[in-house]
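Each residue takes its place number in the sequence, starting with 1. Since we're looking at a predicted model, the values are computed, not measured. Ligands are counted one by one from 1 in listed order, and the atoms in each one are counted from 1 as well.
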Amino acid sequence: MSRIPPPMAMLAELTHRCPLACPYCSNPLELEAQERELSTEDWARVFAEAAELGVLQLHLSGGEPATRRDLTDLVRAARAAGLYTNLITSGIGLTRRRLEELDAAGLDHVQLSLQGMDAELADRIGGYKGGFARKMQVAGWIGEIGFPLTLNAVLHRQNLHQLPRALEMAQEMGARRIEVAIVQFYGWAMKNRAALMPTREQAREAEALVAEAREALKGKLVIDFVPADYHGDYPKRCMNGWGSVGLNVAPDGSVLPCHAARTIPHLDFWSVRDRSLREIWYDNPAFNAYRGDDWMKEPCRSCERKAIDLGGCRCQALAIAGDPAAADPVCVKSPAHGKMRAMAEAFNAEGARAELTYRRYA
Ligand code: SF4
Ligand code: FES
């Protein structure tokens with residue numbers, strides 16, 4: 001028996017295709033072409049393997065998963081495998097009829113993203129005219145059909161002032177949960193650090209507001225909060241630990257411990273086209289590279305917080321400190337922490353003048 005526990009959750013990135021053009025997109029710079037996407041049959045097999053491996057929750061994501069014409073078949077396959085299914089969507093591409101079909105196929109939950117809390121800002125950030133109005137219509141259908149709903153709002157310099165409105169909207173829509181995520185800089189979002197980096201004041205205000213709202217809305221709305229990395233003192237427990245509770249399957253079938261893992265050049269990620277999910281989870285050296293704490297260097301190795309944050313994010317350690325086994329530079333103990341702070345200040349100084357660079361799937 002292996003001592004590595006099985007994963008609980010799987011994120012299936014069904015496609016990189018997406019009608020929106022969000023500047024904060026965390027998908028990689030190189031998107032997968034439609035021709036390289038796994039087929040319906042491939043995904044159905046992967047879902048069955050995931051359930052057999054011990055996965056309980058399946059998050060269907062993208063890109064925009066609704067761009068897959070076979071989405072209903074995929075949900076049906078996931079349900080047949082016994083997985084709890086959550087659709088992560090911008091709402092674009094969903095009609096009432098399609099949502100009813102998804103309901104009949106066994107979809108359990110919907111997570112709807114918000115780019116802004118009014119049409120002007122939401123359409124500007126999403127780079128999609130009319131997107132907000134469509135999304136509000138979809139939110140109405142989600143409520144009428146009775147799907148449990150989570151809202152997801154990525155907040156940054158340009159929309160953080162709308163956080164109170166996001167919390168109101170969650171209550172108006174009957175959401176059970178809202179994810180308030182201050183923008184994280186991975187993939188495409190790296191290009192927009194100046195335009196999106198919240199100021200230190202904004203970051204602190206958001207923390208205070210969330211703490212207050214959590215108290216006031218206890219029992220009514222669950223608020224998950226991802227604080228602003230570059231202004232923090234200690235890192236997030238990224239992915240709850242590398243190869244620990246979850247895995248991502250990219251559109252081409254590569255299996256990753258996190259969405260940015262392919263930025264770590266020395267790791268070789270195996271594909272479900274060639275191997276079973278079980279073999280990949282337990283035996284791919286890339287999954288074992290940062291499991292546990294044997295890989296840690298100082299200051300993490302002897303740190304009293306290492307069981308709390310597991311040294312933070314490997315991908316961010318690589319991006320800023322140049323070493324994926326280093327402490328996440330968000331940490332005050334990291335030798336690269338000063339560099340990160342200086343970067344935040346420089347991006348903030350540039351912020352008011354910086355233009356958004358939109359992501360377009362071509
Ligand atoms: Fe976490 Fe490492 Fe910083 Fe300690 S030194 S708080 S383990 S990142
Ligand atoms: Fe890769 Fe954090 S995003 S470990």
For Tyr282, is the NZ or CZ atom of Arg278 found under 6.0 angstrom from the centre of its six-membered ring and inside 45 degrees of the ring axis? no
Establish, yes or no, whether the cationic atom of Arg76 lies under 6.0 Å from the six-membered ring centre of Trp43 and within 45° of the ring axis. no
Nearest heavy-atom neighbours spanning Gly311 and Pro235: C-CG, 4.3 Å
Minimal heavy-atom distance between Val210 and Ile223, with the atoms involved, is CG1-CG2, 4.0 Å
Short N/O/S contact of Cys258 with atom 1 (Fe) of ligand 2 (below 2.8 Å): yes
Kindly determine whether Val272 and Asp42 satisfy side chain to side chain contact (heavy atoms under 4.5 Å, CB included), including the steps that lead there. CA-CA 8 Å; Val272 292; Asp42 287 334; 6.0 Å; no
Using a 4.0 Å cutoff against the non-hydrogen atoms of Cys238, which atoms of ligand 2 qualify? 2 (Fe), 3 (S), 4 (S)
Enumerated ligand 1 atoms positioned under 4.0 Å from heavy atoms of [X]:
{"X": "Asp309", "value": "1 (Fe), 6 (S), 7 (S), 8 (S)"}
{"X": "Tyr234", "value": "6 (S)"}
{"X": "Lys306", "value": "7 (S)"}
{"X": "Arg305", "value": "6 (S)"}

Are Arg314 and ligand 2 in contact, using a heavy-atom cut-off of under 4.0 Å? yes
Identity of the nearest option to atom 3 (Fe) of ligand 1, non-hydrogen atoms only, from Ala307, Pro299, Cys331, Cys313: Cys331
Whether Arg237 side chain and Ala307 backbone form a donor-acceptor pair below 3.5 Å: yes
Heavy atoms of other groups near Arg273 CZ, more than 12 under 6.0 Å: yes
Surrounding CE of Met190 (heavy atoms of other residues, nucleotides or ligands, distance under 6.0 Å), is the total greater than 12? yes
Ser334 and ligand 1 - part of the residue with a heavy-atom distance under 4.0 Å: neither
Mind checking whether Lys333 contacts ligand 1 via backbone (N, CA, C, O), side chain (CB onward), both or neither, at a 4.0 Å heavy-atom cut-off? side chain
Side chains of Gln57 and Asp108, donor plus acceptor under 3.5 Å: no
Classify the contact between Cys313 and ligand 2 as side chain, backbone, both or neither, using a heavy-atom distance cut-off of under 4.0 Å. both
Provide, to 0.1 Å, the distance between atom 4 (Fe) of ligand 1 and the closest protein heavy atom, together with that atom's residue and name. Cys303 SG, 2.4 Å
Could you confirm whether Cys300 has any N/O/S atom lying under 2.8 Å from atom 2 (Fe) of ligand 1? yes
